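Every value quoted in this text rests on a predicted model; they were computed, and no experiment measured them. Naming: A, B, ... by sequence-line order, numbering from 1 per chain.
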Number of protein chains: 2
Amino acid sequence: MPDRLPPLTALRAFDAAARHMSFAKAAEELHVTPAALSFQIKSLEEHLGTQVFRRLNRAVELTEAGRAMAPGMADGFQTLAAAWRAAERTLDNETLTVTAGPAFTAKWLAPRLYEFAQAHPEIELRFSATLKLVDLTRDGIDVAIRFGTGTDEGVYSYPLPADEWVCPVMTPEMAARFPTPDSLRDATLIFDDSIAFLKPPAGWDTWFRMMGIDFAPKAGPRFSQADHAVDAALAGVGVALGRRSVVIKDLDDGRLVAPFPNALDTGVRFRFLCNKGAEMRPQIVAFRDWILTEIEKTTHITDRMIRKPSSDFQAE
Amino acid sequence: MPDRLPPLTALRAFDAAARHMSFAKAAEELHVTPAALSFQIKSLEEHLGTQVFRRLNRAVELTEAGRAMAPGMADGFQTLAAAWRAAERTLDNETLTVTAGPAFTAKWLAPRLYEFAQAHPEIELRFSATLKLVDLTRDGIDVAIRFGTGTDEGVYSYPLPADEWVCPVMTPEMAARFPTPDSLRDATLIFDDSIAFLKPPAGWDTWFRMMGIDFAPKAGPRFSQADHAVDAALAGVGVALGRRSVVIKDLDDGRLVAPFPNALDTGVRFRFLCNKGAEMRPQIVAFRDWILTEIEKTTHITDRMIRKPSSDFQAE
DNA sequence: TAGTCAATTAAGTACAACTTAAGTGAAGGC
DNA sequence: GCCTTCACTTAAGTTGTACTTAATTGACTA
């Protein structure tokens with residue numbers, strides 16, 4: 001199909017020249033002489049039948065035709081370069097780039113990093129803590145840990161065997177002051193917007209409704225990221241409604257306690273995502289198996305929880 | 001920056017081979033011999049340091065490295081080809097590709113096409129009736145007529161001087177049967193979901209509220225496209241709440257009438273969009289000027305309307 | 001007016017990319 | 001079991017693109 005394309009080297013020369021708005025700089029980037037670059041542009045212009053650069057005194061500027069193709073050329077070559085890097089990455093079995101949300105990165109991955117490094121000293125882990133991600137290949141990501149229901153088409157998707165419940169968590173000192181669920185009416189409640197925006201929502205309102213307590217708290221510190229809410233609870237500010245993935249490590253270590261075993265199951269799960277065909281790469285297998293092992297280590301905490309779906313306790 | 005890229009011809013050979021999953025077919029596409037293509041792939045594999053195709057009996061299949069880069073290569077070359085076509089289009093001052101929504105295309109553009117062709121016989125108009133559009137360059141579009149507030153970054157955007165009001169329209173026969181706004185309680189009302197989904201909504205409820213009539217109609221034929229609702233009204237089915245752009249031609253020609261001059265101004269406008277720098281291309285100038293002239297021709301209809309913002313009549 | 005900078009042109013060269021032609025190995029028909 | 005066919009590979013040789021150096025233009029600048 002792409003038959004009518006002019007010589008690709010000419011396109012690359014144009015791309016570089018358009019990005020730098022200078023033939024000399026473009027020639028430098030491509031490691032050729034300005035003369036060679038001048039020829040390439042000329043050849044491109046002959047193919048197109050019109051000029052793509054207007055030559056000024058000591059500068060160049062794009063013509064309309066040049067402006068029309070410059071963004072697409074830049075985009076196209078970037079895409080090719082990303083694809084090439086993706087191929088190169090498949091040869092590298094010693095690094096693994098993982099992306100996850102800020103909360104999961106801070107509270108689940110980071111505290112366990114040392115253990116992974118010990119188990120797999122040959123693998124260098126890199127992190128990219130962001131929720132925005134459109135394309136694994138394009139962004140140079142090997143593995144993404146994602147929440148909820150994204151579009152999994154074309155990627156390998158493995159749901160992690162861990163239901164993401166939420167339940168009240170606090171420091172042991174705080175737990176002594178609030179012995180019953182009902183006593184939480186008098187506690188400082190910490191709000192985590194990241195769970196309030198779930199569908200169905202699983203916030204304090206829902207939790208109290210499950211407990212049969214007529215209480216709809218409003219006031220209290222609010223955080224947009226789950227890990228910040230938990231950090232506040234760790235600091236003794238109050239009681240947070242903690243998501244399993246975010247609090248499980250602190251519960252395991254005893255820094256936080258969950259005195260009331262009633263938990264709301266949010267119904268969403270984390271999924272382990274990687275490019276199709278990459279799921280058998282050694283470091284990706286190692287990383288997935290390690291995550292599964294780590295989840296397994298904390299099942300004793302989850303098992304004593306009484307979990308009920310948050311969808312059962314929605315205000316009508 | 002893109003310095004480490006292997007020879008581009010090798011990448012193009014790989015792209016063709018990966019798309020066809022056959023060296024022979026790829027060679028045919030690129031008009032070279034299979035031998036040449038084989039060399040290109042081999043060269044690519046030497047650059048990468050590993051195979052990208054696994055050679056089977058009488059077929060080839062992608063290796064993991066090949067799978068990793070194939071989608072990106074296909075995407076990248078498509079983008080380059082689109083950019084090149086965009087540059088070629090700037091040379092063509094005899095065709096003009098326009099996209100607009102289905103309703104605007106059917107009820108505004110199409111009935112006036114003959115006039116444009118007469119005024120500009122040298123310009124060949126092409127249409128693409130769709131609401132989905134992400135990239136003018138990529139989709140080969142010169143001009144887009146768009147509704148509401150899209151992201152206009154990087155494109156030339158000209159708001160059309162025509163406020164998009166809605167008011168009840170019907171055939172003249174129907175108008176004789178329903179002489180007052182209040183009598184519309186007994187009429188068959190046609191619902192157009194495309195205006196009901198505006199923010200703020202401008203449906204029958206809102207119109208009756210503006211008229212001070214306590215009536216919230218529910219039953220009646222529903223259409224998802226504005227032009228279908230108007231077609232129903234034209235067929236004598238009932239009374240439609242017609243958008244200016246969709247009904248103005250039929251009002252002008254007398255096929256429809258708007259007996260009640262009270263119109264809801266939706267607050268949104270159509271915008272005329274084209275790539276930056278393309279706004280001075282002759283056929284784009286001609287098209288824009290023609291649209292403005294056509295709008296001017298129907299101002300006498302709009303001027304006798306009593307227009308009030310739909311936002312003033314929202315249920316609280 | 002000379003000096004500098006950026007792009008162009010001219011002339012020549014080298015190597016990438018292509019050709020034809022022969023070769024390999026496996027599937028499939030008979 | 002043998003021969004044909006098909007798809008890719010390899011070898012050897014040719015072509016032409018893409019590059020080089022070196023000289024030229026043309027305009028801003030000191």
Can you check whether Phe272(B) reaches Ile145(B) side chain to side chain, under 4.5 Å on heavy atoms? yes
With sequence neighbours excluded, give me every salt bridge (Lys or Arg N to Asp or Glu O under 4.0 Å) pair touching residues 115-127 of chain A. Glu115(A)-Lys297(A), Glu124(A)-Arg126(A)
Can you pull every protein N or O that's under 3.5 Å from an N or O on nucleotides 26-30 of chain D?
from    : atom 1 : to       : atom 2 : distance (Å)
dC28(D) : OP1    : Asn57(A) : ND2    : 2.5
dC28(D) : O2     : Arg58(A) : NH1    : 3.3

Report all interatomic pairs (protein N or O, nucleotide N or O of nucleotides 16-20 of chain D) with separations under 3.5 Å.
from    : atom 1 : to       : atom 2 : distance (Å)
dA18(D) : OP1    : Thr9(A)  : OG1    : 2.7
dC19(D) : OP2    : Gln40(A) : NE2    : 2.6
dT20(D) : OP2    : Thr33(A) : N      : 2.8
dT20(D) : OP2    : Thr33(A) : OG1    : 2.8

Side-chain N or O of Ser38(B) closer than 4.0 Å to phosphate OP1/OP2 of dC8(D): no
Rounded to whole angstrom units, what separation is found between the CD atom of Glu61(B) and the C1' atom of dA26(C)? 16 Å
Within less than 4.0 Å of OP1 or OP2 of dA7(D), is there a side-chain N or O belonging to Arg55(B)? no
Per the salt bridge (Lys or Arg N to Asp or Glu O under 4.0 Å) rule, what does the pair list look like for residues 36-50 of chain B, sequence neighbours excluded? Glu45(B)-Arg55(B)
Look up atom CZ in Arg19(A) and atom CE in Met21(A), then write down how far apart they are to the nearest 0.5 Å. 12.5 Å
Residues pairing under ring pair (Phe, Tyr, Trp, His ring centres under 6.0 Å) where one sits in residues 122-142 of chain B, two or more places apart or in two chains, turn out to be none
What is the distance, to the nearest angstrom, from the CE atom on Met21(A) to the P atom on dA6(C)? 14 Å
Could you give the NE2-to-C1' distance, from His20(B) to dC8(D), as a whole number of Å? 17 Å
Between atom CZ in Phe23(B) and atom C1' in dT9(D), what is the gap in whole Å? 10 Å
Just how far, in rounded Å, is P of dC8(D) from CD of Glu45(B)? 13 Å
State, with a plain yes or no, whether a side-chain heavy atom of Leu292(A) is found less than 4.5 Å away from one of Tyr158(A). yes
Looking at OG1 of Thr137(A) and CE of Met73(B), how far apart are the two atoms once the value is rounded to the nearest 0.5 Å? 10.5 Å
Please state how far atom CD1 in Ile41(B) lies from atom C1' in dC18(C), giving the value in whole angstrom units. 15 Å
Can you figure out which of dT9(C), dT9(D), dA7(C) approaches the side chain of Lys42(A) most closely? dT9(C)
Pairs satisfying salt bridge (Lys or Arg N to Asp or Glu O under 4.0 Å), at least one member in residues 80-92 of chain A, at least two apart: Arg89(A)-Asp142(A)
